[in-house]
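Accompanying notes for the structure given below.
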Amino acid sequence: MSQTSRFLVPLEGFRARLDVEEEMTANIRGAMRKRGRWRFLSWLLPHSILVVFSAVILLPLLWLLRVALTDKSTAYKIPPEWGQANFDNFIEIFTGYPFFSYFLNSATVAFGATVFALPLAVGLAYAFARYNTGGLSLRLFVLSSQMLPPVILVLPLFTLFLKASLINTLPGLILAHMTLSLPFLAWLLVAFFDGEVAILEQAARTDGATRFQALVRITLPVAAPGILAAGLLAFLLSWNEFLYALILSGPHTNTLPVGLSSFQTHRGVDIALLSAATICAILPAIVLLPFLRRYLIKGLSLGALK
Amino acid sequence: MRLLLSVLAALALAVGAAQAQTIRILMETVPDTRYIQELLPQFEEETGIDVEIEAISYIDMHSKLVPQLIAPEGSYDLIVVDFYWVGEFTKAGWLMPLDDLVERDGVDVDVYVPKLMDLVGRVDGVLYMLPFYNYSMALIYRQDLIDDADEQAAFQEAYGMELRVPQTWDEYWKQVEFFTRDTDGDGNRDFYGTVIQGQRGDCISMQWANYLYSQGGLYHDENWNPLLDTPEAIRAMEYYREAVENYSPAGSEAYCFDEAFNVMAQGRAYSFVTFNILYAGFEDPESSEVAGKVGITPNPGGGLNGGWGWAIPNSSPNKEAAWTFMKWAESAAVAKERAMLGGAPTQAQIFTDPDVMAARPYYPILGEILAGTKDFPVFTYTTEFVEQVGLELNLAATGEKPVAEAMAAAQEKLHALLVKDGKIEE
Amino acid sequence: MSVATAGGLTLAGRDRRFGLLLTAPGLLALILVITFPLFFTLFTSVHDYTLLTPNYDTFVGLENYQEALDEEYLPDSLWVTTKFVLASVVIEFIIGFAVALSLHATRRFQSIYYLILLAPLLINPVVVGLLWRMLLHSELGIVNYAIGLVGISPVSWLGDADVAFWTVVLTDIWHQVSFMAILLVAGLAALPREPYEAARMDGASTISCFIHITLPLMRPVIAVAILLRLIFAIKTFDIVFIMTKGGPGTATDLISYYIYRAAFFGLDIGRASAMAAGLLVIILALTVYLYRYMNSLK
């Protein structure tokens, strides 16, 4: 048996155990089927909660879509008049504004910050979880910067970046956003490295794997979906960040939040353009969501946030 | 990943290559900025200088500017400065005096309306800015209602006076009361005599200033002694509170100008004391139901003067090119073209230029409005003052604090800030 | 491959070394971009550092702290922030947990539910603020129109001090509850199944399963979710900046907007830093408490 497959044995055992559990759950469900009233209730209650919740989330967004298809005057008509829907606003945000560049910058920065922060955060979190490196004080230090209002952090950061010629550059913004996502990721990932994975890893170590091999071949694959999930939340953190993006960026590097904010003008809020731009900013992500969801839920479930 | 890197590299190259012959300007998002952008090709052709304009929201401008201005060399060659910040920016020494350049190139700065030159031009005799556009405040009202024969008769009967464009505050207030109505008879008023923009901070501070001037009040005397607890100031606040309670939509104590604009634009109010630049929005059918029905006139007793000026920051990497651009943008021809497109003029002759008047018939009134405006206190801590007094005004407007008490607090705040700035003794 | 001790290092020593090796790159990055601002904040807080005189020529000791404490409206802001953080985190937790449990219990339409759940997180807070300002316009908002159809009189969502506070809390919840729900549903999915099966065999009810199995097992996840949300909630800025500017009166004057004003409007970075440092101490104490509590339950 090669070394690699030996390490995989515990992992397969783990998966086998999950299958057994699946079977057992099915048995339980079978037993429950007999209790029809309970089954109906257990179907009705969650769906009722979710339907109400979804409606509360969704209705404002549908209104946003409606406003995007009309003009400001129609948007504020009460009682509502639907008017003729048109795509003028969508055309204007792409022709009259550097909207595509905002979008590309945001995607680049959020993606870059997440991709670069993840390995660093994995290192931090793994050491925290497995070896308690630095103890509580180090963990607190890592998180402490997140406890200061960004407005206080951004001035020294600006001075620092100016000296390093990082103002108005995407790498600079990526670095700035990493300082936001790194502490967040490290704290979240600690949870993924505790629990089941530790037992699997111990088994591999007993089989003769080095610490590094155990980390790379056991822990990371098992926790990988979880890491992706945490990464998604970190991505969103960066995607929505405003103050750093405002102060550290320039005409070539402005991100979506800065661009969207500029629809608040001294002659009022260009609400129809803003709505269209927001819809455009959400839509591409929605196309990706089912894919992300698979990793998110599967990820967090295996990672074991315990 | 490779895509990411190539994007980064491409952008880095673009930035690097463009730097040599490019000037960068930070502006706020207003139509005037777009007009400048429309006319840019002219300038680029004439001078060979590339211009990059970054337009961001006015509410983010100050936060964006300050770090840039503190820096020894910032990213912007030319900026626009709101009158709020004039005291602060010049006190901190962030703006470059323009007197030498004006003299060297023989630029005539007497073309500007003196009021604007005092506000966003000269500070203590030194020229730091050229006025870019003005947003002085005025009274926007429903001309169609004033012209309506039935309304005229009813008003005559109720008040024994003619219904016309209001000339005095007393007359205006009668109209405000007269037009506040319950049109559908459900017991709640749904047409309003005026609209308040009473949100804490900037919104209420700006609008209330007009109420203060209407009562003959001022913020301070010639020696900077604050006057916010005078009978005029208290009366102004009482009027404001009365409007919130009786003549303006419930909840308007939380409106900023956009919410208030929409109430008027949807045809639900008779009048609105606000920035003159909003008038164009009322005349635009895309944002307004009352296009063609509104008029604009000076606030009785005087409105608030407001404006933005061009300035070259000391941290500007390319001052000479920035000056070239400023001269072009403020040249008689370009200033006129901007006004024809709908810009808010700052040079006196533009308001009455025949071509401009043909395109924008109401511009002479804008000139008249500007001439009658009064100044907000411009000192180092204006922004802080707007916030502090804006809180006290809002507390009085919502009824949380008695009017006299709030005004006493406002007086105290202004006094403290003026002392801090060395304008007056303790 | 040997795991025996070598090179004179004990097993624990090698663990420690490996731990340090792993933390080094992350820590280096953090030290570079965090220690400096952190140090800057503390250093600035004891100097007369303003935007007009951005230098460290005048050491003022604790004067900035004293000045901040003397400010008339700071207690209001601290109280509003406390209420806001408590209300939003507690309600987000309750709703988030209900949604997480429901999602965990359903199979059908799950994709649609997840899509909707994630949507608000994709919208940036500035837009969220502007969107709700439009929806809640007291005169022209669709919300007041809709409740009018069922006979409820219009509400002054942002004009009345008590209502405005809850409007801001609810807007924040609308935006952020998904964050909590996602973390909690993940925690639920990760729970071992054996205890439930054993309990079912013993005839335990769903409610008793929830109280005796789910809650205790979920405690660590709940602690992480609440801790992170708490820290984010204390820093809430955009929603009040866009929707209320802290008003009416001081009803929604959150501390981060207060500090923002001290820094950018008051131009007094020294005083703003002193307030930020005070806030840091409070949050650190809270975190230590929560962390200890979390560990005590293990």
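Letters A, B, ... are given to chains in the order of the sequence lines, protein chains preceding strands, and every chain is numbered from 1.
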Query raised in the report: What part of Val177(C) is in contact with chain A, defined as an atom under 4.5 angstrom from a non-hydrogen atom: side chain, backbone, both or neither?
Result: side chain
Query raised in the report: By a 4.5 Å heavy-atom criterion (distance strictly below it), what part of Ala263(C) contacts chain A: side chain, backbone, both, or neither?
Result: side chain
Report task. Answer with side chain, backbone, both or neither: which region of Thr44(C) has an atom nearer than 4.5 Å to a non-hydrogen atom of chain A? Result -> neither
Requested in this report: Describe, in one word, how the ring planes of His137(C) and Tyr76(A) are oriented to each other, choosing from parallel (under 30°), tilted (30 to 60°) and perpendicular (over 60°).
Outcome: perpendicular
Query raised in the report: What are the two closest heavy atoms between Arg211(A) and Arg14(C), and how far apart are they?
Result: NH2-CB, 3.5 Å
Query raised in the report: How far does CH2 of Trp174(C) sit from CG of Leu59(A), to the nearest 0.5 angstrom?
Result: 10.5 Å
Query - Those residues that, when tested against Ser48(A), pass side chain to side chain contact (heavy atoms under 4.5 Å, CB included) (two or more places apart) - result: Leu44(A)
Report summary line: Of Ser261(A), Ala281(A), Gly123(A), Ala127(A), the largest count of non-hydrogen pairs under 4.5 angstrom with chain C goes to Gly123(A)
Query raised in the report: Checking heavy atoms, do the side chain of Leu227(C), its backbone, both or neither come under 4.5 Å from chain A?
Result: side chain
Query raised in the report: Checking heavy atoms, do the side chain of Tyr260(C), its backbone, both or neither come under 4.5 Å from chain A?
Result: both
Query raised in the report: Between Phe232(C) and Phe184(A), is the gap from one ring center to the other below 6.0 Å?
Result: yes
Query raised in the report: How far does OG of Ser256(C) sit from CG of Leu148(A), to the nearest 0.5 angstrom?
Result: 12.0 Å
Query raised in the report: With respect to chain A, which residue among Leu279(C), Thr206(C), Val288(C) yields the maximal number of heavy-atom pairs within a distance under 4.5 Å?
Result: Thr206(C)
Report task. Could you look at Glu241(A) and say if it's the side chain, the backbone, both or neither that has a heavy atom under 4.5 Å from chain C? Result -> neither
Requested in this report: Check each atom of Ile271(A) against the heavy atoms of chain C and say whether the ones under 4.5 Å are side chain, backbone, both or neither.
Outcome: side chain
Requested in this report: Would you mind telling me which of Val99(C), Ile142(C), Ile112(C), Leu38(C) has the largest number of heavy-atom pairs within less than 4.5 Å of chain A?
Outcome: Ile142(C)
Query - Shortest non-hydrogen contact between Gly26(C) and Leu182(A), atoms and distance - result: O-CD2, 3.9 Å
Requested in this report: Tell me, for Val269(A) versus chain C, whether the close heavy atoms (under 4.5 Å) come from the side chain, the backbone, both or neither.
Outcome: side chain
Requested in this report: Side chain from CB out, backbone as N, CA, C, O: work out which of these in Pro79(A) comes under 4.5 Å of a heavy atom of chain C, or both, or neither.
Outcome: both
Query raised in the report: Side chain, backbone, both or neither: which part of Phe237(C) has a non-hydrogen atom closer than 4.5 Å to chain A?
Result: neither
Per-pair distances, 0.1 Å, donor-acceptor, side chain in residues 115-134 of chain C, under 3.5 Å, sequence neighbours excluded:
residue   : atom : partner   : partner atom : Å
Asn124(C) : OD1  : Val126(C) : N            : 3.0
Arg133(C) : NE   : Glu259(B) : OE2          : 2.6
Arg133(C) : NH1  : Ile242(C) : O            : 2.9
Arg133(C) : NH2  : Glu259(B) : OE1          : 3.2
Arg133(C) : NH2  : Glu259(B) : OE2          : 3.4

**Report entry** When Thr159(A), Val51(A), Leu260(A) are compared by non-hydrogen pairs under 4.5 Å with chain C, the top option
**Finding:** Leu260(A)
**Report entry** Interchain contact, Phe128(A) with chain C, by part (heavy-atom threshold 4.5 Å)
**Finding:** side chain
Report task. Using a cut-off of under 4.5 Å on heavy-atom pairs, state which of Leu120(A), Asn240(A), Val122(A) scores highest against chain C. Result -> Asn240(A)
Query - Spacing of CD1 belonging to Ile57(A) relative to OH belonging to Tyr113(C), to within rounding of 0.5 Å - result: 13.5 Å
Query raised in the report: What is the distance from atom CZ of Phe18(C) to atom CG of Leu215(A), rounded to the nearest 0.5 Å?
Result: 5.0 Å
Query raised in the report: What residue, out of Val151(A), Leu50(A), Ile49(A), has the most heavy-atom pairs lying under 4.5 Å from chain C?
Result: Leu50(A)
Query - Heavy-atom closest contact (Pro156(A) atom, Phe36(C) atom, distance) - result: O-CE2, 3.4 Å
Query raised in the report: What is the distance from atom CD1 of Ile152(A) to atom CG of Leu280(C), rounded to the nearest 0.5 Å?
Result: 11.0 Å
Query raised in the report: Is it the backbone or the side chain of Leu101(C) that comes under 4.5 Å from a heavy atom of chain A, or both, or neither?
Result: neither
Query raised in the report: Heavy-atom distance under 4.5 Å to chain C: side chain of Val67(A), backbone, both or neither?
Result: side chain
Report summary line: With Pro60(A) as partner, the option from Leu135(C), Val143(C), Thr171(C) fulfilling side chain to side chain contact (heavy atoms under 4.5 Å, CB included) is Leu135(C)
Query raised in the report: Are Thr287(C) and Met147(A) side-chain neighbours, meaning at least one heavy-atom pair lies under 4.5 Å?
Result: yes
Requested in this report: Please flag which part of Asp238(C) lies under 4.5 Å from any non-hydrogen atom of chain A: side chain, backbone, both or neither.
Outcome: side chain
Report summary line: Comparing Asn144(C), Ile231(C), Ile234(C) against chain A, the one with the most heavy-atom pairs below 4.5 Å turns out to be Ile231(C)
Query - Among the listed options Ser102(C), Ala181(C), Ala98(C), Ala225(C), the residue most often paired with chain A at heavy-atom distances under 4.5 Å - result: Ser102(C)
Query - Segment of Ser144(A) engaging chain C (4.5 angstrom heavy-atom cut-off) - result: both
Query raised in the report: Non-hydrogen atoms of chain A under 4.5 Å away: do they reach the side chain of Phe39(C), the backbone, both or neither?
Result: neither
**Report entry** Part of Phe242(A) lying under 4.5 Å from any heavy atom of chain C
**Finding:** side chain
Report summary line: Residue from Trp239(A), Phe53(A), Trp43(A), Tyr131(A) scoring the most non-hydrogen pairs under 4.5 Å with chain C is Tyr131(A)
